[in-house]
**Student:** 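Have a look at this one.
Below, chains carry the letters A, B, ... as their sequence lines are ordered, and counting in each starts from 1.
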Protein chains: 2
Amino acid sequence: MIDILLVDDDLELCELLVEFLGSEGYRVTAVNDGLEGVETALSRNFGIVLLDVTLPKLNGFEVLRKIRQQSQVPVLMLTARGDDVDRIVGLEIGADDYLSKPFNHRELVARMKAILRRVNSPDESDRTRRKVLEMDDLSLNLANHEVLLGETVLDITATEFVVLKTLIEKSGELVTRDELTQVALNRRLMLHDRAIDMHVSNLRRKIGNKPDGRPRLKTVRGSGYFYIAD
Amino acid sequence: MIDILLVDDDLELCELLVEFLGSEGYRVTAVNDGLEGVETALSRNFGIVLLDVTLPKLNGFEVLRKIRQQSQVPVLMLTARGDDVDRIVGLEIGADDYLSKPFNHRELVARMKAILRRVNSPDESDRTRRKVLEMDDLSLNLANHEVLLGETVLDITATEFVVLKTLIEKSGELVTRDELTQVALNRRLMLHDRAIDMHVSNLRRKIGNKPDGRPRLKTVRGSGYFYIAD
DNA sequence: GCTGTAGTTGACAAATTCTTTACGGGATAT
DNA sequence: ATATCCCGTAAAGAATTTGTCAACTACAGC
């Protein structure tokens, strides 16, 4: 579960975001001025901070600067104007990305994920970054989303790709249905939500069994799935 | 003999600099507004551009951006205020250095020389100034934005050129629509923004298929495009 | 001002992908 | 044993995404 700190003086927006991000599976803490923002950001271990630029008591840039003196927590700046200058200044001071209001909720989530992915990736450099993920006779090309089964290219959807990638990355260990839903479908698992089962089902049909005939994916009833490692 | 373009609306300063730099052995062309600045900068092959930030018609940042769309000519920004923000913005957009007014003439010359030395250093110039980018039977001339398909010159717009260049540089790996939009259109992808799709569509029409009949560009639904490498 | 070119946007069809519903079967708990 | 729960999957339906035409806007050049 990822903790988000939202620093914004627009109470209505805060309310909306708390609800929306909550439904996406995040835990959100909202504060409404700069001082509180700095304090809260440094008091707990947040996964990411969403920081408005125009704030009472301490503006967003100042907040960011103070946070950066002590913490490398990812920060996504929010601003009212679509102003390049704000963006560049923010990035220069150490923001990870920038989004101008009004923004689409889904775009917010997309940018957050991009940041978290970047931050959590073990190595940033292009040369050393792993571009291919292999498992048994499967080969996932992370660069262009292609999946090879032996020599043949499989026709895989984006969602299926993410599901398979996740299962292979954690091969041998259980991945809950909720986790898969969050990673691949960008939402929390809901009651009677069978979508992820369908994706796993379709995936099984497409990737078939292991070369020795054993199935690749095992179901853990009541919990989730995992890719069978050897 | 090195040609200098000076873009500044302060006529007195222009006069002074023309005389001083002339006495230092440079040939100086001075223009007094942003539009003229862009035009002149792109019309001739200057050794360096001295660019004021506060300009009529088009401010220095906009001038720089427009120049950078087509040229890698060194640019030294001049600004009235000793403002960090200006400096950061300028460097971010692609200026080579920055000098705040009022400045010492000697310092101006020193900085110009430093830039020219850096730009002309042999190790940089070969890598950065590669003139032609080739892929299959396509040949992009980076210097003049000409694209050859076999022997014939294609009629390609500046935006299409950048899109194609980006896709070819990263051939084989996916380039997101957002990335393409940022690189080619200088903005981020917005909701319902189909502009990049049109550019890709037009590009496909113009460059046709590979010699063997396969398409050059593949769509990765939900993500972006990539140039099919072999 | 007029004209042409480039870029953007709306609209729509087509293709593809995702979700839901429904039913059946095996697992689990009582 | 049997009632219940959970999962597999086919099929239908909903939704999204993309390709592209055509109209529109913006703007540089004449």
**Student:** Please report, rounded to the nearest Å, how far the C1' atom of C:dT21 is from the NE2 atom of A:His192.
**Tutor:**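 A:His192 atom NE2 is separated from C:dT21 atom C1' by 12 Å.
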**Student:** Roughly how many Å is it from NE2 in A:His145 to P in C:dT16, rounded to a whole number?
**Tutor:**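 After rounding, the reported distance stands at 18 Å.
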**Student:** Calculate the interatomic distance between A:Leu189 atom CG and C:dT20 atom C1'; express it in whole Å.
**Tutor:**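 Rounding to the nearest Å, CG of A:Leu189 and C1' of C:dT20 are 14 Å apart.
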**Student:** Testing A:Thr79, A:Thr54, A:Asp8 one by one against A:Lys101 for a side-chain hydrogen bond (donor to acceptor under 3.5 Å, both in side chains), which residue passes?
**Tutor:**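 Only match with A:Lys101 under side-chain hydrogen bond (donor to acceptor under 3.5 Å, both in side chains): A:Asp8.
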**Student:** Return whichever of B:Leu35 or A:Arg177 has its heavy-atom-nearest nucleotide of DNA chain D closer to the 5' end.
**Tutor:**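 Going by which nucleotide is closer to the 5' end, it is A:Arg177.
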**Student:** Can we say A:Arg187 and A:Glu24 salt-bridge, meaning some charged N sits less than 4.0 Å from an Asp/Glu carboxylate O?
**Tutor:**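 A:Glu24 and A:Arg187: not salt-bridged.
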**Student:** Where do A:Arg204 and A:Lys218 come nearest, in terms of heavy atoms and distance?
**Tutor:**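 That closest heavy-atom pairing would be NH2-C, 3.9 Å.
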**Student:** What distance separates B:Phe226 CZ from B:Lys170 NZ, expressed to the nearest 0.5 Å?
**Tutor:**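 The CZ atom of B:Phe226 sits 14.0 Å away from the NZ atom of B:Lys170.
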**Student:** Nearest heavy-atom pair of A:Leu149 and A:Ile207: which atoms, and what distance?
**Tutor:**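 It is CD1-O, 3.6 Å.
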**Student:** Atom CG of B:Leu174 to atom P of D:dT18: distance rounded to whole Å?
**Tutor:**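 Rounded to the whole Å, the gap is 11 Å.
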**Student:** Pick one: which of B:Val49, B:Asp97, B:Leu51 meets side-chain contact (heavy atoms from CB on, under 4.5 Å) with B:Met77?
**Tutor:**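 Looking at B:Val49, B:Asp97, B:Leu51, the match for B:Met77 under the side-chain contact (heavy atoms from CB on, under 4.5 Å) is B:Leu51.
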**Student:** Strictly below 4.0 Å: does B:Arg187 bring a side-chain N or O up to OP1 or OP2 of C:dT8?
**Tutor:**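 It does, given that an N or O in the side chain of B:Arg187 lies less than 4.0 Å from OP1 or OP2 of C:dT8.
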**Student:** Starting at the 5' end of DNA chain C, which residue's closest nucleotide do you reach first, A:Asp155 or A:Arg194?
**Tutor:**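 Here A:Asp155 is the residue nearer the 5' end.
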**Student:** Let me know the distance between CG of B:Leu180 and C1' of C:dT8, rounded to the nearest Å.
**Tutor:**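 For the pair B:Leu180 CG and C:dT8 C1', the rounded distance is 17 Å.
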**Student:** Answer yes or no: does a side-chain N or O of B:Thr157 lie under 4.0 Å from OP1 or OP2 of C:dG7?
**Tutor:**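 Result: yes.
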**Student:** Roughly how far, to the nearest 0.5 Å, is the NZ atom of A:Lys165 from the CG atom of A:Leu138?
**Tutor:**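 Between A:Leu138 CG and A:Lys165 NZ, I get 15.0 Å after rounding to 0.5 Å.
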**Student:** Which is true for A:Ser223 with a 4.0 Å heavy-atom rule: it touches a base, it touches only sugar-phosphate, or it touches nothing?
**Tutor:**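 Result for A:Ser223 = sugar-phosphate.
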**Student:** B:Asp193 CG to D:dT20 P: how many Å, rounded?
**Tutor:**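 Going from B:Asp193 (CG) to D:dT20 (P), I get 18 Å.
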**Student:** Rounded to whole angstroms, how far apart are CD1 on B:Ile156 and P on C:dT5?
**Tutor:**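 Taking CD1 of B:Ile156 and P of C:dT5, I get 16 Å after rounding.
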**Student:** Starting at CG of B:Leu154 and ending at P of C:dA6, how long is that distance when rounded to a whole Å?
**Tutor:**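 Spelled out: CG on B:Leu154 to P on C:dA6 is 13 Å.
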**Student:** Going by heavy atoms closer than 4.0 Å, what residues in residues 196-222 of chain B are next to DNA chain C?
**Tutor:**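 Result for residues 196-222 of chain B: B:Met198, B:His199, B:Arg221, sorted by number.
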**Student:** Taking OP1 and OP2 of D:dC6, is either one under 4.0 Å from a side-chain nitrogen or oxygen of A:Tyr225?
**Tutor:**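 The answer is no; no side-chain N or O of A:Tyr225 sits under 4.0 Å from OP1 or OP2.
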